[in-house]
Undergrad: 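I am attaching a structure below and will ask some questions about it afterwards.
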Amino acid sequence: MTYYKVDTNQFSKSQVDFYRDMLTSRRDGWLPSPKQKWTKIAGAILRQKNGHKDGDRNPFVDAIAYMGGDGYILTDEPNIHNDRCIEIPFKEAGSLQQMEKDLLSCLNYSESVIGLCGLFKDSESLNSGPVFYRGGMGWEADGKAYFVVAVLFSDFKVTPILPDADPAKGNFVETTVSDVTSEGGELNSQLINRAADRTLDASQTIGKDSVVTIRTEVTGSKEYSISETLTVGAEYGFTGAFKGSVEVSVGASQVFHKSLTEGQDTSKTFHTDNTISAGLPPFTGGMLKQVYGTQQVETTYNCPVALTYRVRVLQYRAGYKKNGQNLLDAQSYVRADFGKDNGDARKDLYNRAVINKNNNVDPDGIHWNNMPETILSMNNLYEETATEVPMASTPATFIATLKTTSGELKGIAPLYPLKYVRLENKALNELEMKTGDTYRVDLIELEGLAENEQRLKGPYYGFDKSFGKWILTDKNHKELTDESVATLTKNDRTGAVTLKAVSDGTVYLEYLIDEHRYSTYTNGSLYTTNKNLKEFPSIEVKITSPPVAAEKDADQNEAGNNGQEQSASTPDQNQQNTTSPAVDQVQSENTTPPVVLEKTDNVDKKLKKTSLSKLKAGKKSITITWKKNDEKGIKGYEIQYSTNKKFNEDSKKVTINKIKTTSKTIKKLEPKKTYYVRIRSFKKSGGEKIYSKWSKAKSIKVK
């Protein structure tokens with residue numbers, strides 16, 4: 001198939017004008033249009049059907065010549081002038097009945113004649129939509145018979161041309177993936193990892209015959225087909241044999257041959273072996289579960305369109321007495337019909353006149369090797385008419401929806417109860433502050449540990465310090481309500497928790513877990529309480545007043561930072577914190593120079609979190625999909641990935657600035673390594689990014 005561009009802006013404005021542009025366009029500006037080539041073929045068919053040979057000259061042959069409009073299209077004698085023959089120009093009608101009435105009325109036929117010899121009388125013809133036609137008319141020398149010949153174009157449909165799913169080609173817009181919906185079939189494998197210091201690798205495979213359904217929508221047209229090349233996302237198992245340029249030519253390899261109208265589906269069955277792998281973290285149990293379900297993948301393209309249509313060759317004749325209007329006879333014929341069964345005249349012509357031209361078996365009895373028109377002996381006219389296709393440069397939108405059987409990984413959970421919550425910086429057991437100092441408590445890094453039957457300690461899977469809170473207590477662990485020595489405040493917008501030294505004294509900064517958060521794989525309804533913990537963070541905070549001399553120095557220093565929060569002198573608020581802050585430093589009036597912490601991100605815990613849907617491992621790559629965040633004001637997403645589950649080592653981030661994007665492939669990763677991935681969404685306020693809390697992290701091993 002060779003596609004050539006047609007400059008038309010009518011696709012979304014007027015279907016009739018769009019069809020006319022496509023039928024009358026000339027390749028390279030001068031070669032015959034589809035209308036002219038079909039008219040030439042129609043003229044040859046009419047001559048063969050009526051027994052005329054090359055060189056014959058009579059009113060009927062002349063009328064066929066006039067049908068082309070341009071004489072050279074149908075004959076070697078372009079200067080025919082005959083007062084018995086009249087050209088019927090290329091015209092449009094609203095229905096087949098209206099077209100036929102216009103054709104026959106030009107001969108001044110009475111309504112009774114039209115009713116008798118008309119080919120299109122049923123209600124379906126009345127509602128058949130726009131049709132185009134071209135013809136010639138004449139009468140015999142003695143005035144006893146009148147005749148009309150015509151070529152008719154109808155049943156128009158647009159067909160999207162999708163040569164490539166590569167975004168670089170410009171026609172791909174986006175792909176969205178829904179959650180898997182279970183249909184009841186499952187394959188489960190229970191896993192236990194009792195080791196405290198290594199990850200357990202496991203995998204399983206399901207082989208299953210699956211059905212993929214493509215459901216289409218094409219904006220700009222209610223009638224369309226998939227009869228040209230269709231190459232839909234190779235990542236979902238559909239590939240074409242050829243991919244080429246939209247501007248020149250694309251291969252004719254087709255995934256689906258069935259024509260569609262709006263709302264129809266077409267399906268294909270294929271066999272898949274779905275393998276899922278899991279890196280089971282230390283001290284965890286889990287379940288590899290593959291569910292036979294349905295997942296909807298919607299791929300949207302902006303693509304050019306071609307045109308399919310049906311072509312019929314018509315002939316009418318009626319005779320009268322010479323000196324009266326009494327009817328003698330009336331006849332009408334459909335001499336040829338292309339696209340009757342599949343709606344595509346071009347493909348029908350190719351099959352009949354090119355592939356099967358030598359077997360003399362034609363639905364309309366045409367002998368393709370014995371045409372009377374000598375100019376048709378070139379033979380390539382048939383192939384050119386069938387394979388040179390006008391293509392609208394104004395794009396349509398095409399949506400392919402694929403429903404597939406898929407699997408998922410479920411049920412990784414801690415094997416043993418949470419027993420220890422510790423400071424990652426063990427030197428932070430004591431903290432000295434001066435009155436007026438502030439300290440960012442939420443920056444303190446914690447770790448949760450479990451303990452097995454042999455009292456061997458290991459990480460507690462899923463521990464998150466945000467599921468808990470800091471309080472101030474006395475030495476007996478009783479929570480303080482008096483704020484005379486120190487205060488602890490939380491910024492509800494950013495989530496920052498700040499400790500401020502008020503006056504001389506000693507308090508204790510302690511951490512409490514959420515008692516409805518941490519359970520185990522074996523007993524999911526039993527949660528760890530603060531009383532069950534064998535160890536929890538408790539930091540002794542000693543507050544003293546600064547020396548008098550230091551106060552005088554501070555009073556004389558107009559650029560001093562008295563009473564400022566420790567991270568206040570950090571750079572731009574929008575900078576991302578990719579390393580763990582040195583939270584064991586405080587800022588005091590007599591500290592010269594002050595220790596500056598890296599600025600942390602602005603986090604709004606009320607902002608809706610984004611959830612990861614699926615991780616798919618590739619060769620040195622991971623494909624990440626997530627659910628679109630529909631909260632108002634969301635501007636994009638931030639993905640963080642690391643080989644460290646706490647994301648405090650070898651951690652990298654990727655920013656996605658399009659809210660509709662729901663997938664991303666990370667490349668150039670280390671093979672055979674387990675990566676941890678999490679995601680969050682962000683808004684913008686006054687030039688700053690406000691982030692949601694991180695999603696729950698997922699892990700996967702790179703191939």
Undergrad: Roughly how far, to the nearest 0.5 Å, is CE of Met433 from CG of Leu499?
TA: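 Result: 4.5 Å between the selected atoms.
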Undergrad: Checking Ser695 side chain against Ile679 main chain: does a donor-acceptor pair fall under 3.5 Å?
TA: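 A pair under 3.5 Å: yes.
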Undergrad: How long is the span from the CG atom in Leu612 to the NZ atom in Lys696, to the nearest 0.5 Å?
TA: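 Nearest 0.5 Å value for the CG-NZ distance: 11.0 Å.
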Undergrad: Arg194: what forms a side-chain hydrogen bond (donor to acceptor under 3.5 Å, both in side chains) with it, not counting sequence neighbours?
TA: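 Scan of Arg194 (side-chain hydrogen bond (donor to acceptor under 3.5 Å, both in side chains), adjacent residues dropped) gives Tyr416.
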Undergrad: Have Thr623 and Thr665 got a donor and an acceptor in their side chains that come within less than 3.5 Å?
TA: yes
Undergrad: With a 4.5 Å cut-off on side-chain heavy atoms, are Leu418 and Arg517 touching?
TA: no
Undergrad: Going through the checks in order, is the side chain to side chain contact (heavy atoms under 4.5 Å, CB included) test met by Leu200 and Thr284?
TA: CA-CA 9 Å; Leu200 174 66; Thr284 59; over 6 Å; no
Undergrad: Between Asp442 and Lys465, is a salt bridge (charged side-chain N to carboxylate O under 4.0 Å, His left out) present by the stated rule, with each step listed?
TA: CA-CA 9 Å; Asp442 58 290; Lys465 70 175 183 179; over 6 Å; no
Undergrad: Before you tell me yes or no, could you show the steps for Tyr676 and Ile700 under side chain to side chain contact (heavy atoms under 4.5 Å, CB included), namely the whole-Å CA-CA distance, both residues' side-chain angles and the distance that decides it to 0.1 Å?
TA: CA-CA 7 Å; Tyr676 298 83; Ile700 193 168; over 6 Å; no
Undergrad: Count the heavy atoms belonging to other residues, nucleotides or ligands that lie under 6.0 Å from NZ of Lys608, then report whether that count exceeds 12.
TA: yes
Undergrad: If you measure from CD on Glu430 to OH on Tyr508, what distance do you get to the nearest 0.5 Å?
TA: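 Glu430 CD to Tyr508 OH: 8.5 Å, rounded to 0.5 Å.
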Undergrad: Distance from Phe647 atom CZ to Lys653 atom NZ, nearest 0.5 Å?
TA: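 Here the interatomic distance stands at 10.5 Å.
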Undergrad: Would the distance check show the side chain of Trp626 and the main-chain N or O of Thr661 forming a donor-acceptor pair, the cut-off being under 3.5 Å?
TA: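 Looks like yes, one N/O pair under 3.5 Å.
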Undergrad: Are Thr494 and Val603 close enough, and set up right, to give a side chain to side chain contact (heavy atoms under 4.5 Å, CB included), and what steps lead you there?
TA: CA-CA 4 Å; Thr494 65; Val603 177; 5.7 Å; no
Undergrad: With side chain to side chain contact (heavy atoms under 4.5 Å, CB included) as the criterion, how do Lys628 and Lys660 come out once you've worked through the C-alpha distance, each side chain's angles and the decisive distance to 0.1 Å?
TA: CA-CA 7 Å; Lys628 178 183 175 183; Lys660 292 184 178 180; 4.1 Å; yes
Undergrad: Under the side-chain hydrogen bond (donor to acceptor under 3.5 Å, both in side chains) rule, what pairs show up with a residue in residues 526-536, not counting sequence neighbours?
TA: Arg422-Glu535, Glu451-Lys534, Glu515-Asn530, Thr529-Asn532
Undergrad: Considering only heavy atoms from C-beta outward, does the side chain of Ile622 approach that of Leu669 to under 4.5 Å?
TA: yes
Undergrad: Taking the side chain as every heavy atom from C-beta outward, state whether Ile634 and Thr610 have any atom pair closer than 4.5 Å.
TA: no
Undergrad: Please check if the number of heavy atoms outside Lys683 that lie under 6.0 Å from its NZ is greater than 12.
TA: yes
Undergrad: If you compare all heavy atoms of Ala195 against all heavy atoms of Asn193, which two are closest, and at what distance to 0.1 Å?
TA: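 For Ala195 versus Asn193, the nearest heavy atoms are N-OD1, 3.1 Å.
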Undergrad: What are the two closest non-hydrogen atoms of Arg198 and Pro282, and how far apart are they?
TA: O-CG, 3.4 Å
Undergrad: Do the side-chain N and O atoms of Thr625 and Ser613 include a donor-acceptor pair separated by under 3.5 angstrom?
TA: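 Judged by distance alone, the side chains do not pair up.
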Undergrad: Quick one: do Glu638 and Lys689 satisfy salt bridge (charged side-chain N to carboxylate O under 4.0 Å, His left out)? Show the steps, please.
TA: CA-CA 11 Å; Glu638 186 178 82; Lys689 286 183 179 179; 5.7 Å; no
Undergrad: Scan side-chain atoms only and decide if Ser642 and Asn644 contain a donor-acceptor pair under the 3.5 Å cut-off.
TA: no
Undergrad: Given the rule in the salt bridge (charged side-chain N to carboxylate O under 4.0 Å, His left out) test, do Lys646 and Glu445 qualify, once you have shown the distances and angles that lead to the verdict?
TA: CA-CA 10 Å; Lys646 296 178 181 176; Glu445 294 298 331; over 6 Å; no
Undergrad: Using every non-hydrogen atom in the two residues, find where Tyr641 and Val677 come nearest and quote the distance to one decimal.
TA: CB-CG2, 4.1 Å
Undergrad: Are side-chain heavy atoms of Phe283 and Lys457 found at a separation under 4.5 Å?
TA: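 A side-chain contact is absent here, since even the closest heavy-atom pair is not under 4.5 Å.
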Undergrad: Could you give the distance from CG (Leu423) to OG (Ser538), rounded to the nearest 0.5 Å?
TA: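 With rounding to 0.5 Å, CG (Leu423) is 9.0 Å from OG (Ser538).
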Undergrad: Asn657 versus Phe682: any side-chain heavy-atom pair under 4.5 Å?
TA: yes
Undergrad: If you compare all heavy atoms of Leu607 against all heavy atoms of Glu631, which two are closest, and at what distance to 0.1 Å?
TA: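 Minimum heavy-atom separation between Leu607 and Glu631: CD1-OE2, 3.4 Å.
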Undergrad: Working to the nearest 0.5 Å, report the span between CG of Leu415 and CD1 of Ile192.
TA: 5.0 Å
Undergrad: For the residue pair Glu670 and Val702, what are the closest heavy atoms and their distance?
TA: O-CB, 3.7 Å
Undergrad: Stepwise, does the salt bridge (charged side-chain N to carboxylate O under 4.0 Å, His left out) test hold for Asp604 with Lys606?
TA: CA-CA 5 Å; Asp604 185 358; Lys606 294 182 180 180; over 6 Å; no
Undergrad: What heavy-atom pair brings Phe463 and Val421 nearest, and what distance separates the two atoms?
TA: CZ-CG1, 3.8 Å
Undergrad: For the residue pair Pro459 and Lys645, establish whether any side-chain heavy-atom pair is separated by less than 4.5 Å.
TA: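 Yes, at least one pair of side-chain atoms sits under 4.5 Å.
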Undergrad: Is the shortest side-chain heavy-atom distance between Asn429 and Ile539 below 4.5 Å?
TA: no
Undergrad: Not counting sequence neighbours, which residues clear ring pair (Phe, Tyr, Trp, His ring centres under 6.0 Å) with Tyr460? List them please.
TA: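 Ring pair (Phe, Tyr, Trp, His ring centres under 6.0 Å) list for Tyr460, sorted by chain: Tyr518.
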Undergrad: Report yes if the side chains of Val541 and Leu472 come closer than 4.5 Å at any heavy-atom pair, otherwise no.
TA: no
